[in-house]
There are 2 protein chains.
Amino acid sequence: MPAVSEETTDALARDVFAFINRLLTSGHRELFIAMEKAELSITQVKSLHILSEAEEPMSLGAVSDALGLSLPAISRSVDGLVQRGLVKREEDPRDRRSKLVTATGRGRAAYERLSALRLAGIRTMIAELEPGEQQALAAALAPVIRRLGL
Amino acid sequence: MPAVSEETTDALARDVFAFINRLLTSGHRELFIAMEKAELSITQVKSLHILSEAEEPMSLGAVSDALGLSLPAISRSVDGLVQRGLVKREEDPRDRRSKLVTATGRGRAAYERLSALRLAGIRTMIAELEPGEQQALAAALAPVIRRLGL
DNA sequence: TATTGTTATACTCTATAACTATA
DNA sequence: TATAGTTATAGAGTATAACAATA
């Protein structure tokens, strides 16, 4: 019962696909260079991401589940972050088998810097669009973002 | 001299960022499962991609440059594709040091199948949007796609 | 000599298995 | 016994270095 034909949805999907590809290829070079310079792996950046946004300390198992990676992979990844003071790791007093990890101020700042780089890449591409195109895109995306709770 | 304020551009960039993240996380699980089943690495899929779209045979060096990976990595990656009949590799008659590689029919078909999966993930998310949202998004993206030559 | 691609080797990141310590 | 995390080991994929063939 869609009020939009399947062909239209398909065409839109292809457009979104092309748009994403363009954004991904255009904006990620600087990000990867920055990650290399900071000696952070992709997993470490992702870990910093969820820990930066987490309201409360997380166990390693919770991080492992959130990222869909094995516990050993997370253990080693977080270990590197702890050694550089980007993450704090301490025993859970209520279950001493478990370790609670939190992003430190420095860790949050490091993630913010990388996130800003990624955003800058997208902004550069958007700035190349005509003002009218930007406005139409903003108007079209805003309600979608709001409705999806992003 | 933009007719759109910087704050507006920033807000739009953030929306696009959120939208992309949602699309990437939503649609890629099936794709990775399919890749695993086909025993194709990311590099092999990317190689199939550019070879499928290439008008003419490419040298290994050209593939290496296009993907930003080392020649040995491409050599091994393509070797696997050749062994499975997805890519044809032959000496360049005009420079016998060079090998020319082309996607075979089977190789193109394999790439098309994976590409369709990725598109399906995006389409699923788009189908969740209200008809009006879809129409606004389509109207906003179409001119952008056309102007960027995508 | 310089260049194209391959083979050798070392490194990073991951997963499974074995282990330690708590529960 | 079961569970959280760590350490041991093996596998995939990449890069640099050494090599072979051709220019």
Side-chain angles (χ1 to χ4, degrees), chain A residues 28-29 31-51 54 56-84 86-102, chain B residues 28-29 31-51 54 56-84 86-102:
Chain A
H28 276 192
R29 206 160 299 163
L31 175 61
F32 277 119
I33 291 171
M35 282 173 56
E36 202 162 303
K37 213 153 115 186
E39 293 191 322
L40 289 171
S41 70
I42 294 173
T43 297
Q44 285 175 324
V45 174
K46 284 184 182 170
S47 299
L48 272 181
H49 181 165
I50 63 164
L51 291 175
E56 300 182 357
M58 294 175 76
S59 69
L60 285 188
V63 178
S64 165
D65 287 346
L67 296 185
L69 293 174
S70 69
L71 200 45
I74 297 302
S75 177
R76 291 215 150 89
S77 155
V78 165
D79 200 60
L81 296 174
V82 170
Q83 281 171 26
R84 269 170 286 172
L86 303 177
V87 159
K88 186 180 66 176
R89 176 180 47 192
E90 48 195 1
E91 251 183 24
D92 183 342
R94 291 177 308 179
D95 181 347
R96 294 176 48 221
R97 291 171 304 180
S98 180
K99 308 283 177 69
L100 294 176
V101 284
T102 328
Chain B
H28 275 191
R29 204 160 300 161
L31 176 60
F32 277 121
I33 291 171
M35 282 172 56
E36 202 161 305
K37 215 154 115 186
E39 294 191 320
L40 289 171
S41 70
I42 294 173
T43 297
Q44 284 175 325
V45 174
K46 285 184 182 168
S47 299
L48 272 182
H49 181 165
I50 62 164
L51 291 175
E56 299 183 356
M58 295 176 74
S59 70
L60 284 188
V63 178
S64 166
D65 288 345
L67 296 185
L69 293 173
S70 69
L71 200 46
I74 297 301
S75 178
R76 291 215 150 90
S77 155
V78 165
D79 201 58
L81 296 174
V82 170
Q83 282 170 26
R84 269 170 286 172
L86 302 178
V87 159
K88 185 180 64 178
R89 176 179 50 192
E90 47 195 359
E91 251 182 24
D92 183 343
R94 291 176 310 179
D95 181 347
R96 293 178 47 221
R97 292 171 305 182
S98 179
K99 308 284 177 71
L100 294 175
V101 285
T102 327

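The model shown is predicted, which means the values in this text are computed figures rather than measured ones.
- Residues B/Ser64 and B/Ile74 share a closest heavy-atom pair of CA-CG1, 3.6 Å.
- Rounded to an integer number of Å, the gap from A/Leu67 CG to C/dC13 P is 15 Å.
- Closest to the B/Arg97 side chain, of the nucleotides D/dT6, D/dT22, C/dC13, is D/dT22.
- Set against D/dT9, D/dT6, C/dA8, the side chain of A/Arg76 has D/dT9 as its closest nucleotide.
- Between A/Arg89 and the phosphate of D/dT6, there is a side-chain N or O to OP1/OP2 separation shorter than 4.0 Å.
- In this structure, the CD atom of B/Glu39 is 14 Å from the C1' atom of D/dG11, given to the nearest Å.
- Rounded to an integer number of Å, the gap from B/Lys99 NZ to D/dA23 C1' is 15 Å.
- Applying the 4.0 Å criterion to OP1 and OP2 of C/dT22, one finds that A/Arg96 has a side-chain N or O inside that range.
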Is there a side-chain contact (heavy atoms from CB on, under 4.5 Å) between B/Val101 and B/Leu81? Walk through the geometry before answering. CA-CA 10 Å; B/Val101 285; B/Leu81 296 174; over 6 Å; no

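- When rounded to the nearest whole Å, the span between CD1 of B/Ile74 and P of D/dG13 equals 13 Å.
- Across A/Ser98 and A/Ser59, no two heavy atoms sit closer than the pair OG-CB, 3.7 Å.
- Note: CG (A/Asp79) to C1' (D/dA4) measures 15 Å, nearest angstrom.
- Counting all heavy atoms, side chain and backbone alike, A/Gln44 lies closest to A/Glu39 at OE1-O, 3.7 Å.
- The side chain of B/Ser98 approaches C/dG5 more closely than any other nucleotide in the set C/dG5, D/dT6, C/dA8.
- Protein atom NZ of B/Lys46 is 12 Å distant from nucleotide atom C1' of D/dT14, rounded to whole Å.
- In terms of heavy-atom proximity, B/Ser75 sits nearest to B/Leu60 at CA-CD1, 4.2 Å.
- Ranking C/dT22, C/dG5, D/dT16 by closeness to the B/Leu60 side chain, first place goes to C/dG5.
- If A/Pro72 and A/Gln44 are placed on DNA chain C by their nearest nucleotide, the residue sitting closer to the 5' end is A/Gln44.
- Nearest-nucleotide positions on DNA chain C place B/Leu71 closer to the 5' end than the other of B/Leu71 and A/Asp92.
- For A/Ser70, no side-chain nitrogen or oxygen approaches OP1 or OP2 of C/dT14 to under 4.0 Å.
- When each of B/Leu69 and B/Asp95 is assigned the nucleotide of DNA chain D bearing its nearest heavy atom, the one mapping closer to the 5' terminus is B/Leu69.
- Between the CZ atom of A/Arg94 and the P atom of D/dG5 there is a distance of 13 Å, rounded to whole Å.
- Rounded to an integer number of Å, the gap from A/Ile42 CD1 to C/dT12 P is 15 Å.
- At least one side-chain nitrogen or oxygen of B/Ser75 sits closer than 4.0 Å to the OP1 or OP2 atom of C/dT6.
- Among the atoms of the strands shown, only primed sugar atoms or phosphate atoms (P, OP1, OP2) are found under 4.0 Å from some heavy atom of A/Ser59.
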